[in-house]
Amino acid sequence: MMGNSSFAGLGNSSFASLTPAPASADEAEPWVRGELIRSLMRASRGSYLLAAALMPAMVGLSWGHVPVWQLMVWLAIGIAATACRIWGEQIYARHYADRDSAAQQYFVDHYRFLWSTSAFAWGLSILIFFERTPLVNQFMSWLIVAGVATFPLNGLALHPPLLKRYVNTLFFTMLAAIALRMIELNFEKPHFHYGFLMLPGLHWWLLLRAGRRIHETARNSFELLFHNHILINSLTQQRQAAVSAVAMKNRFLASAAHDMRQPVLALSLYADWLRNEPELVAEIAPKIVRATHAVNALFDSLFDLARIDSGQVRLHIERVDVAQLLHDLELQYRPVAEAKGLTFRMHVTPGTVLTDPIRVRRMIGNLLANAIKYTAEGGVLLASRQTRDGLRVEVWDTGIGIAREHLRDVFLEFYKVADHAGTSDGFGLGLAIVARLSHALGHPVSVRSRLGKGSVFRVALHDADESQAQTRISGAVG
């Protein structure tokens, strides 16, 4: 099996039982809208039962002044409206309460008629008392209707279209009922002053105006909750990133000190040996040179990584002949491979790409150096291929391979696969530099490997945008 890896958030009761806010600020509007509907349903839960309890009082105020059958018909309509509300609440609790914002919106859009039934029933109540009962009874009946119109305001205001539908249905029905009664009375002057009939209209306007303000307040509160959630998530992530960065720097320094100690100690020993036995200079001098090269190589890699992480690398994007770049790398690495007894093969497809030639050369060179270092027999293949997404450079080897669980970690600083032959003399920085440059230039690197059989690293050479690349590499620290 081949392994694979790649890089490239009212009263407090209104806010009870909030669903978790999404992580993305782009989802703020749907989440807020959904939570407003949830709060509406919690606020309206059982509220219609209070209105239903007032229906017998309404009938009682008209009893003896209105035919009983008319009272019973109106009461039946009111009970039916209440039953519809109970049915709708059960549907919501069973199928929608725990679902997402889209489901909340769907419920309100498809079951908004439930609120209209209640408004229609109470609007019809005008027919059973207006100009049919004593003035005191009419006054009490008007108060009940006004209360029923006002009581659900705090809940319905959370969804303005629903509030408008409820209030408009109630008052249009009231006006129609008043008009029917006036026609029935042949437009005789009512016991009330005509100006009194303007009060329902004023009440209508006040409800809609108050509803808008309640909605704005509730919406602002939910938006604040959402953005607080985003802020808390961001702070948590930044804290975790800071802790990880400290841990990485500690590991970085410990590994650097460990890797530097060996060649420095060797230099000290060779120097003492040479001082005591100067006649062995021919034997000791090459060892001193190798130890010095090891220290220099470590410092070079550390400086490269430090420059990238501090954003001090200045990129120069230009049109690069990929075939020529690979042939230049061949001249540099073929002798190294052949000196180790390995074959070095090339398969080049012509093509160009917009990129930084020095950084791309460093990326592919690091991959070639690793391939040669961790291959004891067989060979290395450097190839470029044309794909649907553009040119791709591949470095194949027949080396020790990498287990799947280590594929991502090999791109970390100072990471070395435990118990792998050939890893003791490396610093674990080559692939870390490749990963940094890959991110900056927008050249994704992927790896497939089979333990004991070899590996292939692929670099997708997409045209780089200089400003974006420089921004990414300059923001590496953050």
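The basis for the numbers below is simple: all heavy atoms, side chains too, and nothing from hydrogens, waters or symmetry mates.
The only member of Phe151, Phe129, Tyr166, Trp74 that meets ring pair (Phe, Tyr, Trp, His ring centres under 6.0 Å) when paired with Trp122 is Trp74. No option in Glu184, Gln70, His65 other than Gln70 meets the side chain to side chain donor-acceptor pair (under 3.5 Å) test with Arg132.
Proximity of a side-chain donor or acceptor of Asp397 to a complementary backbone N or O of Gly454 within less than 3.5 Å is not detected. Between the side chain of Ser62 and the main chain of Ile128, a donor-acceptor pair closer than 3.5 Å is present. Judged by distance alone, with hydrogens and angles left aside, the side-chain atoms of Gln138 form a donor-acceptor pair with the main-chain N or O of Thr133 at under 3.5 Å. Using a distance-only test at 3.5 Å, with no hydrogens or angles considered, no donor-acceptor pair links the side chain of His95 to the main chain of Ile91. For Arg38 (side chain) and Ala97 (main-chain N/O), a donor-acceptor pair under 3.5 Å exists by modelled atom type. Side-chain N or O atoms of Thr352 include none that pairs as donor or acceptor with a backbone N or O of Val322 at under 3.5 Å. Judged purely by atom type and a 3.5 angstrom limit, Thr349 uses its side chain to pair as donor or acceptor with the backbone of Ser384. Within the 3.5 Å criterion, the main-chain N or O of Tyr96 finds a donor-acceptor partner in the side chain of Gln104. A donor-acceptor pair is defined here as one N or O able to donate and one able to accept, closer than 3.5 Å; such a pair exists between the side chain of Arg181 and the backbone of Phe130.
For the residue pair Trp31/Asp100, the side-chain donor-acceptor check at 3.5 Å is not satisfied. Judged purely by distance below 3.5 Å, without hydrogens or angles, the side chains of Arg42 and Ser39 pair a donor atom with an acceptor atom. With no hydrogens or angles considered, no side-chain donor-acceptor pair links Thr117 and Arg85 at under 3.5 Å.
Side-chain atoms of His443 and Val445, non-hydrogen and from C-beta on, never get closer than 4.5 Å to each other. In this structure, the side chains of Leu441 and Ile317 come closer than 4.5 Å at one or more pairs of heavy atoms. Residues Glu318 and Leu354 fail the side-chain proximity criterion, which asks for heavy atoms closer than 4.5 Å. Inter-residue side-chain proximity for Leu382 and Val393 is flagged as met; some heavy-atom pair is nearer than 4.5 Å. Counting only heavy atoms from C-beta outward, the side chains of Leu114 and Tyr92 never approach each other to under 4.5 Å. The shortest distance between side-chain heavy atoms of Leu461 and Thr355 does not fall below 4.5 Å. With contacts defined as side-chain heavy-atom distances shorter than 4.5 Å, the pair Met182/Ile178 qualifies. In this structure the side chain of Met41 never reaches within 4.5 angstrom of the side chain of His159, judged on heavy atoms.
Between Ile77 and Leu124, the closest heavy-atom pair is CD1-CD1, 3.9 Å. Nearest heavy atom pair, residue Leu158 against residue Leu40, reads CD1-N, 3.4 Å. Closest approach of Leu207 to Ala149, counting heavy atoms only: CD1-O, 3.8 Å. Closest heavy-atom contact between Ser116 and Thr169: O-CG2, 3.6 Å. In plain terms, the two heavy atoms of Val459 and Leu367 that are nearest each other are CG2-CD1, 3.7 Å. In plain terms, the two heavy atoms of His215 and Ala157 that are nearest each other are CB-O, 3.0 Å.
Within the model, atoms CZ of Arg392 and OG of Ser446 stand 7.0 Å from one another, a figure rounded to the nearest 0.5 Å. Considering CG of Leu180 and CD1 of Ile126, their distance stands at 11.5 Å, rounded to 0.5 Å. Rounded to the nearest 0.5 angstrom, Arg385 CZ and Glu394 CD are separated by 4.5 Å. Taken to the nearest 0.5 Å, the CZ atom of Arg94 stands 11.5 Å off from the CD atom of Glu89. Met58 CE to Asn137 CG: the interatomic distance, rounded to the nearest 0.5 Å, is 10.5 Å. Distance check: Ile144 CD1 to Leu61 CG gives 5.0 Å after rounding to the nearest 0.5 Å.
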### Message
Apply side chain to side chain contact (heavy atoms under 4.5 Å, CB included) to residues Gln386 and Leu391 and explain how you reach the verdict.
### Response
CA-CA 5 Å; Gln386 194 68 243; Leu391 273 174; 3.6 Å; yes
### Message
Determine whether Leu206 and Thr150 satisfy the following criterion, side chain to side chain contact (heavy atoms under 4.5 Å, CB included), listing intermediate values before the conclusion.
### Response
CA-CA 10 Å; Leu206 288 174; Thr150 305; over 6 Å; no
### Step-by-step side chain to side chain contact (heavy atoms under 4.5 Å, CB included) determination, Asn370 to Val434
CA-CA 11 Å; Asn370 270 13; Val434 170; over 6 Å; no
### Task
Show your working on side chain to side chain contact (heavy atoms under 4.5 Å, CB included) between Arg319 and Asp463 and close with a plain yes or no.
CA-CA 9 Å; Arg319 180 63 62 180; Asp463 281 350; 3.8 Å; yes
#### Entry: Glu223 and Arg219: CA distance, side-chain angles, deciding distance, salt bridge (charged side-chain N to carboxylate O under 4.0 Å, His left out) verdict
CA-CA 6 Å; Glu223 288 176 346; Arg219 183 178 187 83; 3.4 Å; yes
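Comment: Arg212 does not engage Glu216 in a salt bridge, judged by the lack of any side-chain N to carboxylate O separation of less than 4.0 angstrom.
Ring pair Trp205/Phe171: centre-to-centre distance not below 6.0 Å.
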